[in-house]
Structure formats: C-alpha cells, structure tokens
Amino acid sequence: MAGKQNSPLKLLLLAAENGALPGGKVGGMGDVIRDIPRALAALGHDVSVLVPGYQHFSHLPGATLETVLEVAFRNGSERVELWSLPADPAHPGVRCQVLEHPLLAPCGPGQIYCDDGPGRPFATDASKFALFCAAVATALRDGVLPWPDRVHLHDWHTALVPVLARFEPEFAALDELNFVYTIHNLALQGIRPLRDDDSALEAWFPRMRYDYAFVGDPRYPDCFNPMRAGIRLCHKVHAVSPTYAREIQGDAGEGLAEDLQQAQREGRLEGILNGCEYPQPGSAPVGFDALLAATRAELKRWQQGAAADCVAQAVLKVDRWRRRKRPSTLVTSVGRLTDQKVRLLRLPCPDGRSVLEHLLDRLGHRGLFLMLGSGAPELEAFFAAVSARTDNFVFLRGFSEPLSEKLYAGGDLFLMPSSFEPCGISQMLAMRAGQPCLVHAVGGLADTVRDGVNGFAFSGVDEADQARHLLQRFDQVLALRAAGGANWDRVCEAAAAARFKWTDVARAYQALLYQ
Ligand code: GLC
C-alpha cells in the first residue's frame, strides 16, 4: 500500500465552482469540487480549494481576510483580496479559500457565469477568469499560497495559470509547478481574440511573450483558446470518464482532437469517471402520493414568484393525477435544460412531431413523465408547450434539490438522452435510489449504465438514428416493465447496487494523475 506515489501531497485545486459553498454550484463541476477534496484529504493529502469569490463567498459567515495582493493586470495593477472560509469540521484537511475583487463579479454578486450571448461569446467571463488566474499566479509567486506539489485545474476558466507560468516573465518561477488539467466539458472552450479587443489575451497581459503553437485556436487563427492551452501545457490531462477520453480524440474533439491524440500518445491523457456519495442510510422509497404532494408544494412556492402561467397549469395537472391511480410507469428527468442534455427530445421525427411527443404516445394515458429543470429559454418554451397539450407530461420549470431527490427515489425510469455526456451525475443519483435509467450510450453514461443489466441504453450513428433507437428501446423497456416480475426487479436491484465511490476516484487520481 504505502509507497512513494502514495506519500501525502500538497494539492491546490482551482475552479470556477465549489459546491461546498452555498450558491457555489451551477453544474456537475460544482459537485466534483465539493466531493473530491474530501476523498483526497481522507487519503492523507493536504487539499486547498481556491475559487473566485464573486463578491459573495467573502460575505459568508466566518470568512476572514488573509491578505491583499497587488496583481498586474491589463496596463495597471489590481488589489485582489485572499479570503479564507471556515473549515468544515467533518472534513479536516480541506482548506477553502476565495479571491475577491469587484471585477470578479461583473454580473452582480454571486453570479458565477455571465451570459455574453453569441455576439461576444465568453467576453465578460474570460476577463474575469483572466484576473482570477493572474491573482493565483501572483499568490503562488509571492509565497502567499504555500507551494503545492500539484496544481489541479478545472476547465478553461483556470487554464491561464500554466500559460502565465510558461510565458509571462514575471511568473517564470511557476514553470516548475506540476499542473493537472481536468476537462469537464470540451464543448465550452472560452475562446477569445488574441488582440484588438478589450477581452483578449494581449489586453489582459500586454507584456506576455507567448508561443502561438500552445495557446492559439486551430480553427480561428486570431484567437486564444484556453482549453487548448490547458491540454497542451499541463503534465496530465484528465477527462471525466474513460469513454469520453476516447470520444474527444475523434468526433467529439470540438476542434482539439489532434491535441488530445497527442496527449494520449505522450501518456498524458487519462479517463477517470467521477464519483457519487453514498450516505448511510440511503434515501427511503418515496410513494407516488408523497411525490405529488411534494411537487405541488414546490409549485406553490414557485407560484409566489413571477410569471406563473406554466406553474398554474402544472398544479392543475398534478391535482388531476392526485385523484387517479398511480401511473403504470413514472418516467422522470432532472437536469439543466441545455442542448447537450435534451436536444434529442426536441428533434422532429419524419411526421414532424417531436421525439418527446412520440415517447408520450408510447407511454400512453396510464403513464406519466415528470420533468424537472430550467435553462435555455427556447428549450423551456418547447417543454412548456408540449406540457400544455398533453396529459401525461408535466414540465416543472425550475430547480429544487429536495424535489429532485424525491424524483430520483420515486420514479420508475430515469431518462437521460444527452447528445454527449462527459460524465453525468443524475444517472448515478437515480441508480443510487434504485431507479434504472434509459440513456444514450455516450461518455460517462456508457461507463455507468450497462444495457439490460443495471439500466437501459441506446445509440445511433446520427441524431435520426439515435431518436429511432431511443423510441425502440423505450418500447422494449415498457414491455419489460409491463411483464413485471423478477426481470424488472433485477435491473432495479443492480442499479441500486452499482457503486461509483469517490474514494476509488481519489485513488485513481493518486495513481494516474498525481504520480
Ligand atoms: C460537466 C459535464 C458533465 C459532468 C460534469 C462534472 O457538467 O457536462 O457530464 O458530469 O461536468 O464533471
């Protein structure tokens, strides 16, 4: 067991999100940054997690100002504060810090990401994370942060740190550091112009002497691509599932397949699946009545907020279902509404109707589909419209952690047809509660759900093919369920028995990323 590679390391984790802090999570990355530090600390490592404060985390109770850094940025200098947050007594060995400055909250306090729209994609966010990275580099150079054995970066937001270490003369000392780079979502790369723009590499760091071969974008020659820089400059590159690590070297490469192939040839690319917590005791089963009551209560809370049309209609539907028998099959879905997650459901079939509507036809009037989620307005509008004209689909536009738990625990079949999925967490949470999933066999979904064993999967060469196979597999799953008996129960039990433990993930990090 003991050996050189397992000796305790000083680890510095940098990310945009940290789900351990209230308001610190937007997507799955927030869960990872909440959970992996604890698992690494439990193996004896000394873990610090550093994220931007967004003028919010530094206002949390118990936050203390450590020091103020003078950070060279653009043509001047910014005073960036380093704050420490109280350690979680349940997880000694995890230090939580934030960097604070007004420019780190350009869209208002607590807003982790800004939406710049298609005209200037990533402009506001890229400038914000550039200052964050410059402040991290300054803190390391000045010894304000202890010198880490590994700096673990997450997604493009943090990828400027190794760029500064390699190419900015004032940070030359940092080039000694050992960098690990995790790709949570290759589709978001944070591409910005090299120059001639307020949010551009040369605008943030006018004196940097960078090598274009490492930081340039292969598709847009005048652009800086931090995702690519992270892949090219870090000692280890980590994709969040083995299948995704393979996919991104090919069709899912988003313009960076060659860089990823090269990382693979150099032995730098690893695919390691994320984990999930397994609290004891696990969640109790949730009956249909209790689920509807919780849904109704949540809808009523939402109704007190703004525009309540769609909510009022959902309440009526829920009330109708409360007077009826439990559906023969309760399909559930929980997640952010992005193209990545739900595009396939919206796809038109040859008859012009959407895949979702075909699915609902098959589900029939004895079945019910409850979907919880919010996100892109055009996707919300689509689901609201289908919900308005069908009886067996209820769209719950919003998010609530407690209600999501009840959907995981109370549903019969969890649907996750993501077009691509680097890892995915919802399928693990549904499985944990004993609910089998029907998933598109890509990325982490392929690595967690075994078709016919602990869940169900479909695939296809293109979207039309995927849609056909989704509907086909759905028919088969409904038939299996209608037949009842041991075959269905076996799948549910296998789903509940599957384990994706963070301790195993931490051991894999230790052996493959930090060795
Ligand atoms: C991104 C991916 C998701 C993954 C998460 C955490 O949100 O889309 O698949 O689970 O990052 O790694």
Side-chain angles (χ1 to χ4, degrees), residues 19 22-28 30-31 34 110 276-277 279 281-337 341-342 356 360 363 365-377 379-416 425-435 437:
K25 165 187 156 156
V26 177
D31 294 315
R34 177 193 62 213
C276 163
E277 296 283 353
S283 60
V286 173
F288 185 59
D289 293 339
L291 173 58
L292 285 189
T295 303
R296 195 177 196 284
E298 189 61 43
L299 287 167
K300 281 287 173 192
R301 257 194 297 280
W302 294 351
Q303 230 166 5
Q304 283 152 22
D309 267 18
C310 157
V311 181
Q313 189 214 75
V315 172
L316 286 178
K317 254 196 224 180
V318 166
D319 284 344
R320 267 206 301 281
W321 274 97
R322 291 180 89 185
R323 293 191 293 270
R324 296 178 54 178
K325 280 213 324 243
R326 187 199 190 282
S328 50
T329 300
L330 176 57
V331 178
T332 62
S333 155
V334 174
R336 280 172 303 127
L337 300 181
K341 305 276 180 186
V342 294
L356 173 62
L360 295 171
L363 187 58
H365 66 279
R366 291 264 297 106
L368 174 63
F369 182 2
L370 287 178
M371 172 186 260
L372 173 68
S374 60
L379 294 171
E380 290 185 352
F382 164 74
F383 290 110
V386 176
S387 187
R389 42 174 203 268
T390 46
D391 271 336
N392 60 353
F393 176 56
V394 181
F395 172 45
L396 309 165
R397 181 173 59 187
F399 190 71
S400 142
E401 193 95 37
L403 185 54
S404 71
E405 297 290 334
K406 290 212 164 51
L407 287 166
Y408 291 133
D412 301 318
L413 181 69
F414 190 84
L415 187 63
M416 204 157 160
I425 174 79
S426 301
Q427 84 276 22
M428 297 186 197
L429 300 178
M431 288 169 80
R432 179 177 79 177
Q435 179 176 191
C437 304

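Just so you know, these numbers come straight off a predicted model, no measurement behind them.
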> Atom CG in L407, atom CG in L429: separation rounded to 0.5 Å?
Replying inline: 12.0 Å

> Looking at CG of L368 and CZ of R324, how far apart are the two atoms once the value is rounded to the nearest 0.5 Å?
Replying inline: 8.5 Å

Donor-acceptor contact below 3.5 Å, side chain [X] vs main chain [Y]:
X    : Y    : answer
N392 : H365 : no
K317 : S387 : yes
S283 : A433 : no

How close do [X] and [Y] get, heavy atom to heavy atom, and via which atoms?
X    : Y    : value
R336 : G27  : NE-CA, 4.0 Å
L330 : G410 : CD2-O, 3.6 Å
P279 : R432 : CD-NH1, 3.8 Å
M431 : C437 : CG-SG, 4.0 Å
F399 : V334 : CE1-CG1, 3.8 Å
R322 : L292 : CG-CD1, 3.5 Å

> Parallel under 30°, tilted from 30 to 60°, perpendicular over 60°: which one fits the rings of Y408 and F414?
Replying inline: tilted

Sequence neighbours left out, what passes side chain to side chain donor-acceptor pair (under 3.5 Å) with [X]? Give chain and number order.
X    : result
D319 : R296
S400 : E298
R323 : none

Do [X] and [Y] have side chains that get closer than 4.5 Å, going by heavy atoms?
X    : Y    : answer
F369 : L356 : yes
R397 : V311 : no
L379 : K341 : no
L396 : W302 : yes
V394 : T295 : no

> side-chain contact (heavy atoms from CB on, under 4.5 Å) with F395: which of L337, V386, T390?
Replying inline: L337

>> Applying side chain to side chain contact (heavy atoms under 4.5 Å, CB included) to E405 and E401, what does each step give before you reach the verdict?
In response: CA-CA 6 Å; E405 297 290 334; E401 193 95 37; 4.2 Å; yes

> Strictly by modelled atom types, are T332 and Q435 linked by a side-chain donor-acceptor pair under 3.5 Å?
Replying inline: yes

